[in-house]
Amino acid sequence: MEFSAKQIAEYINGIIIGDENAKVHTFAKIEEGIPGALSFLSNPKYTHYIYDTKSSIVLVNNDFCPEHEINTTLIKVENAYESLAKLMTLYEQSVPKKKGTSPLASIAGNAKIGKDVYIGPFASIEEGAEIGDNVYIHPHATIGSNVKIGSNTILYPNVTIYHDCRIGSNCILHAGAVVGADGFGFAPSPEGYEKIPQIGIVIIEDNVEVGANTCIDRATMGATVIHKGVKLDNLIQVAHNVEIGSHTVMASQGGVAGSAKIGEWCMFGGQVGIAGHIKIGDHVTVGAQSGIPGNTKSGETLMGYPAIDPKQFARSAAIYKKLPEMYTELGRLQKEMEELKKRLNK
């Protein structure tokens, strides 16, 4: 499918600088541009590529002013990255999608399947499950008994949803994600550890995306809740009875311990660890590899372990590098002090 610069500019309310008849049929990074490709520039670090890129059209922010001659056609927009996302969504929607049920799928007789659903080979849908309209279930996905899934949700290969869990509409669960496995609950006894039954569920609201191999444990009682608009990266562990507020995003390899409550619109870098039974406010930002051992107020920005103000952390990190020399100097000063004390005592 091919689009002209004029068509693209009309769709994203952009201003054309160059040939309005330039045409594109694919996307490419600006440094890997080819004729017929659409690229974008939003990060100043990549500005130098725009003067040599072979892409036919490049989206740029309104405030971009070239310092040299540019051979490609530019489309100026309010936000190049957001406009690219809008165009890529349009492109994805134009690609024909599979429909129908593979004869190799296993579907319980009393499962309810909506309209225009795709169910791939070796997918399994157990008793009492309810699947909404336009759901896309890839091969080897497993949907447990009494699970409910809203409309327009996509389950990629090997996604597993345990019994009784709830998945909203317009969600995406990537390959290997597990929703509703048992929470990590054990009671110590003289013979070892006795398993505590995990009888709760997981509730995932609308417009949530769950990354590959991310695990969201079912509650001991009640529900583990992922509110609307949350985006979880790959390889994240969300423990039992956790609640994550709307539109919060978490990068890969993060871990949230049991019963933690996280507010709305928070941002967590990769490998952030969050202690159990704590409360994190709204609009909290946490840098990568940080640890949060206690409650945080709304609007805080934190880094380090335990997480503190980023500027304090940077100063502490600078001192940390000097600790060996400081330790040696401290030892020398201690010896001098001892010698002075001996002289004074004489």
Side-chain angles (χ1 to χ4, degrees), residues 1-98 134 136 138 152 154 156-157 170-175 207-212 229-235 247-253 265 267-270 285 287-288 301:
M1 192 172 293
E2 196 172 62
F3 297 94
S4 69
K6 184 178 180 180
Q7 290 173 312
I8 293 169
E10 288 175 352
Y11 183 72
I12 59 176
N13 297 317
I15 299 172
I16 300 171
I17 308 297
D19 181 9
E20 68 174 18
N21 296 313
K23 290 181 171 58
V24 293
H25 61 271
T26 189
F27 295 88
K29 295 189 290 185
I30 192 168
E31 67 270 30
E32 299 174 358
I34 57 173
L38 173 71
S39 299
F40 80 105
L41 173 65
S42 64
N43 189 330
K45 293 180 180 179
Y46 291 82
T47 299
H48 62 283
Y49 288 114
I50 200 167
Y51 303 109
D52 299 314
T53 186
K54 298 296 189 294
S55 291
S56 299
I57 300 173
V58 179
L59 305 179
V60 296
N61 294 331
N62 285 329
D63 60 0
F64 173 71
C65 295
E67 297 178 355
H68 309 289
E69 183 180 354
I70 292 178
N71 298 317
T72 187
T73 294
L74 304 181
I75 299 179
K76 288 192 170 186
V77 291
E78 186 72 25
N79 186 309
Y81 191 72
E82 289 183 2
S83 295
L84 178 75
K86 189 176 181 181
L87 290 170
M88 293 183 79
T89 299
L90 177 66
Y91 175 81
E92 185 180 49
Q93 290 172 347
S94 69
V95 176
K97 293 186 176 180
K98 296 179 181 178
N134 302 306
Y136 213 71
H138 284 261
N152 305 306
I154 301 173
Y156 281 100
N170 304 305
C171 293
I172 300 174
L173 278 67
H174 287 279
N207 302 303
V208 171
E209 184 158 349
V210 178
V230 168
K231 311 299 180 186
L232 302 178
D233 200 357
N234 305 330
L235 297 166
H247 309 293
T248 284
V249 294
M250 301 184 73
S252 65
Q253 299 181 7
W265 293 100
M267 298 178 68
F268 298 90
T285 300
T301 298

Asks: Between Tyr51 and His68, how do the two ring planes meet: parallel, tilted or perpendicular, split at 30° and 60°?
Replies: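 Geometry flag for His68 against Tyr51: perpendicular rings.
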Asks: Classify the ring geometry between His174 and Tyr156 as parallel (under 30°), tilted (30 to 60°) or perpendicular (over 60°).
Replies: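 Judged by the thresholds at 30° and 60°, the geometry between His174 and Tyr156 is parallel.
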Asks: Quick check against the 3.5 Å criterion: does Asn234 have a side-chain atom that pairs as donor or acceptor with the backbone of Ser252?
Replies: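 Absent.
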Asks: State whether the number of non-hydrogen atoms from other residues, nucleotides or ligands found under 6.0 Å of Glu78 atom CD is greater than 12.
Replies: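 It does not: Glu78 CD has 12 such atoms or fewer within range.
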Asks: For atom CD of Glu92, is the number of surrounding heavy atoms from other residues, nucleotides or ligands below 6.0 Å larger than 12?
Replies: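 Atom CD in Glu92 is not packed in, count stays at 12 or less.
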Asks: Report, as yes or no, whether the 6.0 Å neighbourhood of atom NZ on Lys86 holds more than 12 heavy atoms from other residues, nucleotides or ligands.
Replies: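 Atom NZ in Lys86 is crowded, with more than 12 foreign heavy atoms closer than 6.0 Å.
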Asks: Which pair of non-hydrogen atoms, one from Thr72 and one from Ile57, has the smallest distance, and what is that distance?
Replies: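 Heavy-atom minimum between the residues: OG1-N, 3.5 Å.
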Asks: Within a radius of less than 6.0 Å around OH of Tyr46, do more than 12 heavy atoms belonging to other residues, nucleotides or ligands occur?
Replies: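 Result for OH/Tyr46: open.
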Asks: So do Phe3 and Leu87 actually touch side chain to side chain, heavy atoms under 4.5 Å?
Replies: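 A side-chain contact under 4.5 Å is absent here.
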Asks: Drop me the distance from Ser39's OG to Lys54's NZ, to the nearest 0.5 angstrom.
Replies: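 NZ of Lys54 is found 12.0 Å from OG of Ser39.
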Asks: Taking the side chain as every heavy atom from C-beta outward, state whether Thr47 and Phe64 have any atom pair closer than 4.5 Å.
Replies: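 Yes, close enough: below the 4.5 Å cut-off.
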Asks: Any idea which heavy atoms bring Asp19 and Asn21 closest together, and the distance?
Replies: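 In terms of heavy atoms, the two residues are closest at OD1-N, 2.9 Å.
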Asks: For Lys6, is the NZ atom crowded, meaning more than 12 foreign heavy atoms sit under 6.0 Å from it?
Replies: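 No, NZ of Lys6 has 12 or fewer neighbouring heavy atoms, counting only those of other groups under 6.0 Å.
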Asks: With a 6.0 Å cut-off (strictly less than), is the heavy-atom count around NZ of Lys76, excluding the residue itself, greater than 12?
Replies: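 Yes, enclosed.
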Asks: Counting C-beta onward and ignoring hydrogens, is there a side-chain heavy-atom pair between His138 and Ile154 closer than 4.5 Å?
Replies: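 With C-beta onward as the side chain, the pair touches.
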Asks: Side chains of Ile17 and Ile70, heavy atoms from C-beta outward: is any pair under 4.5 Å?
Replies: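 Counting from C-beta outward, Ile17 and Ile70 never come under 4.5 Å.
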Asks: Looking at Lys231 and Gly211, would you say the former's side chain and the latter's main chain have a donor-acceptor pair under 3.5 Å?
Replies: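 No; zero donor-acceptor contacts below 3.5 Å.
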Asks: Output, in order, the C-alpha distance, side-chain angles, deciding distance and verdict of side chain to side chain contact (heavy atoms under 4.5 Å, CB included) for Ile12 and Leu59.
Replies: CA-CA 10 Å; Ile12 59 176; Leu59 305 179; 3.8 Å; yes
Asks: Between Thr248 and Phe268, is there a side-chain heavy-atom distance shorter than 4.5 Å?
Replies: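 Yes - at least one pair of side-chain heavy atoms lies under 4.5 Å apart.
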